[in-house]
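Residue numbers start from 1 in every chain, and the chains themselves are labelled A, B, ... in the order their sequence lines are given, proteins ahead of strands.
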Amino acid sequence: MTLTIEHLTKRFQDFHAVDNLNFVAEQGEIFGLIGQNGAGKTTTFRMILNLLAPSSGTIKWADASVHTLNRDMIGYLPEERGLYPKMPVEDQLMFFGRLRGCSKAALKAEIDDWLERFYLSDKRKVLTETLSKGNQQKVQLIASLIHKPRLLILDEPFSGLDPVNAGLLKDAIVSLKKQGTVIIFSSHRMDHVEELCDHICLLKRGKSLFTGAIIDLKKQFGKINLTIRGPFDEMELSKIPGVVSVAKDKDMYRLLLSHENDARPIFQMLTTDGFIERFSLDYLSLEELFKRKVASTLV
Amino acid sequence: MSKFLLLFEQSYISKLKTKSFYITTLIMLLGITAFFMWPTISGWFSSNEKPVTITVADQTKGSAISYFKNNKKIIFKPAKQSVKQEEHRVVTGKVDALLILSLKSGSQLDAQLRTKKPFELNTQQMLEEQVRSAGQLFTIQQLKLTADQAQRIIDQKTNLNQKVISPTADKGKSSQQKTTATIVSYAVALIIYLFVLSYLSIISSEIAAEKDSRIMEIIISSTSPIVHLLSRVCGVLALAMTQFTVLIGAALIMARVLQSGKYWHLISDLFSSLTAGYTVFAILFFFFACVLYTLLGAVLGSLVNKVQDVGQAVMPVTMVLMVGFFIAISGMSNPDTLLIKIFSFIPFTASMIMPMRIGATDMSLWQGFLSLVLLGLTIVGLFIFSLRFYRGSVLTYTNGSFIKKIKQAIQLSK
């Protein structure tokens, strides 16, 4: 099963919230939709969910319009928490599961399993409003996937989670991916996107700046991220040909090169006097790429 | 289970279990109990009250004092001393008042009351009634009539028997029927006013809370907005009908059991003088009013951004309800005014006014039917209109006027 978005556009009068968007999310793949606030991520999600009608373009699931399919195959975690504050955790999960067409009996085992995986078994009878923000987020995530959706949309799933809980959530997402679920998610945490996603779509003001595998985006810029540690002077480093900028990071220097090919002569220059503790050449991180592409700013 | 039933159940059961539902029902039940037990309750409070003692200085040279009868509240005693001395007794608090009876224009009774402090309204009214009655009897006595003749004058009562002689017009209702219908209509208007007011805010708050917390997005991504809207409206209506049934059931049981069934007979007499047509219309208007305002509440709830904005949003509707209710009250004294006629056709006020016109006037039933049809069409129209923008309104979080929000919601719904 594949989610295919072709020439998707959403206009609000003269404003283009989403402009000619194209991407394909394959089965068993995690697809990242990234962009600044107002880039059109939530509008795209809402169109996939049939909450908003596209101005033009198509959204297909296995060659059929996604809007003609049973809604129960979709799971959705909204950016802001959507839970009944006065409802106990177990009832909440039962309600959202039944809303997606599952029977009470089938849900019971699933609820037990997920509550245990997220260390929430002791909270099953607790009112949702009394839970911490992180625990509420975990309940929200369980509610979005309790019915075993084939397409899972996660809008900022890591918001409010500490590293331990974020790790639990990542494990759950990867587990669903292995089961063949198509997962689309947005996040401002580029490290999470980089860690989880196979492919991404980078949005700026509704337009796609890049769509494809993360590695392909990185290759566009090449390995220009150089980290060194040794007895160097920042001023002297900045004067080396091919070095665009130098930043001191604790006991290391981070050098941004104009081109990957500049790395070799720089290595030879820096090792003229012999041993250096570190010389590491890498691609730019997704966060740095994001800033370059979306905000059009240098690192 | 269908998604409608699931959402309906969730809406109905969750509210049925709330403490606020139990508390409001309990308060209303206490109110009903207090109503039926009023003679006993008022007795508890009045049993300890000392009756007022009034000395009567009769200067009529007749027996005017004999027309004043002692009761639980007032005790009359003939004056034994001069007016001045009796006034002194009032000032010193030995008696509560001095009533001086004298002749005016030779044959009319004149009464003057002297008190240290003003009487309570209730005592004042009872005393005025006694003075008025005594005045009548005294005048009759002055005419030298026999006791039997006097009694006949007092008891004299002429009924006006109205007969419509036009062959096309119907017979018309008796004044007894009209009065009964006015009382029942007032009760219907009051029930509509109280129920609609509380349930309007319940449904608006529920939908606003779901929108505010983004639960709405999850629900309408799973099912259609129409199903959501209908489930919430039906859930709240079912809750209103549950409370209504509990209260009416409790009231009927109390009427039967309390005060030796006195109120049961009163209610039976009241309803037996009402026509079946009136009862059907009153029930339909009550139900339609609940549907109209619940739907309106749902729409308003979907347009606000936060739960705390609900009060402000429903304020205009509350005002309309108040206008309807006060016009219905004005109709109790005269249900045939032009104002009543106009507002009985306006769908938002018709349910509180038209039942009164149907019962308390001789208007043709087609007018009631027309008003009901208008109300029904308004509900259908509002439902169709709300469907046009409900999907969009639950995704609209902008500030601004309702018109602006509706326009934006319609655009989002396209």
Side-chain angles (χ1 to χ4, degrees), chain A residues 10-15 17 42-43 45-55 66-67 70-88 91-92 94-104 128-129 136 140-141 143-147 149 151-153 155-156, chain B residues 1-21 205-207 209-228 231-232 302 305-307 388-398 404 407-414:
Chain A
K10 182 66 190 177
R11 280 186 302 274
F12 297 111
Q13 290 167 335
D14 297 332
F15 173 67
T42 303
T43 305
F45 288 154
R46 284 178 172 173
M47 284 191 280
I48 298 170
L49 291 163
N50 201 23
L51 297 178
L52 285 177
S55 303
V66 77
H67 301 144
N70 185 351
R71 316 298 305 157
D72 296 342
M73 66 156 219
I74 302 177
Y76 175 49
L77 180 130
E79 184 177 359
E80 289 174 63
R81 304 295 77 83
L83 296 168
Y84 290 104
K86 302 280 181 200
M87 200 186 267
D91 294 357
Q92 193 105 234
M94 191 63 86
F95 170 73
F96 284 113
R98 290 173 73 197
L99 192 65
R100 294 287 184 182
C102 292
S103 69
K104 271 186 178 179
T128 311
E129 65 181 354
Q136 285 191 28
Q140 183 83 68
L141 181 79
S144 68
L145 51 78
I146 192 89
H147 59 292
L151 171 62
L152 180 61
I153 296 171
D155 201 353
E156 294 292 339
Chain B
M1 182 187 266
S2 76
K3 291 187 180 179
F4 169 80
L5 284 178
L6 177 69
L7 289 168
F8 168 79
E9 181 194 285
Q10 190 266 335
S11 179
Y12 175 65
I13 301 288
S14 65
K15 271 180 225 54
L16 199 64
K17 286 180 181 170
T18 55
K19 280 181 195 159
S20 60
F21 180 77
S205 303
E206 181 183 16
I207 292 192
E210 284 187 328
K211 182 182 170 183
D212 189 12
S213 67
R214 305 301 198 270
I215 293 171
M216 189 77 86
E217 284 187 36
I218 301 173
I219 294 175
I220 63 168
S221 72
S222 159
T223 186
S224 76
I226 305 163
V227 170
H228 179 265
S231 69
R232 291 315 184 221
S302 76
N305 295 348
K306 298 209 168 288
V307 187
R388 279 191 63 201
F389 69 91
Y390 190 72
R391 181 198 299 267
S393 67
V394 297
L395 300 172
T396 307
Y397 296 97
T398 53
K404 192 179 158 193
K407 277 183 186 169
Q408 194 177 2
I410 289 172
Q411 205 191 2
L412 280 174
S413 301
K414 279 178 185 168

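Interface summary for chain A: among Ser14(B), Ser213(B), Ser222(B), the most heavy-atom pairs under 4.5 angstrom belong to Ser222(B). Between chain B and the residues Glu80(A), Lys86(A), Gln140(A), the largest count of heavy-atom pairs under 4.5 Å involves Glu80(A).
For Leu99(A), the parts lying under 4.5 angstrom from a heavy atom of chain B are both the backbone and the side chain. Heavy atoms closer than 4.5 Å to chain A are found in the side chain of Gln10(B), but not in its backbone. With a 4.5 angstrom heavy-atom cutoff, Tyr84(A) touches chain B via backbone and side-chain atoms both. For a residue to count as touching a neighbouring chain, one of its non-hydrogen atoms must lie under 4.5 Å from one of that chain's; by this rule Gln13(A) touches chain B with backbone and side chain alike.
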Practice problem: Could you give me the CA-CA distance, side-chain angles and deciding distance for Ser144(A) and Arg100(A), then say whether side chain to side chain donor-acceptor pair (under 3.5 Å) is met? | Solution: CA-CA 9 Å; Ser144(A) 68; Arg100(A) 294 287 184 182; over 6 Å; no

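We find that Arg214(B) and Glu79(A) are not joined by a salt bridge, their nearest charged nitrogen and carboxylate oxygen being 4.0 Å or further apart. Ion pairing of Arg46(A) with Asp155(A) is absent here, as no side-chain N (NZ or NE/NH1/NH2) approaches a carboxylate O to less than 4.0 Å.
Heavy-atom minimum distance, Ile74(A) versus Ile48(A): CD1-O, 4.4 Å. Here the shortest heavy-atom pairing between Ser11(B) and Lys15(B) reads O-NZ, 2.9 Å.
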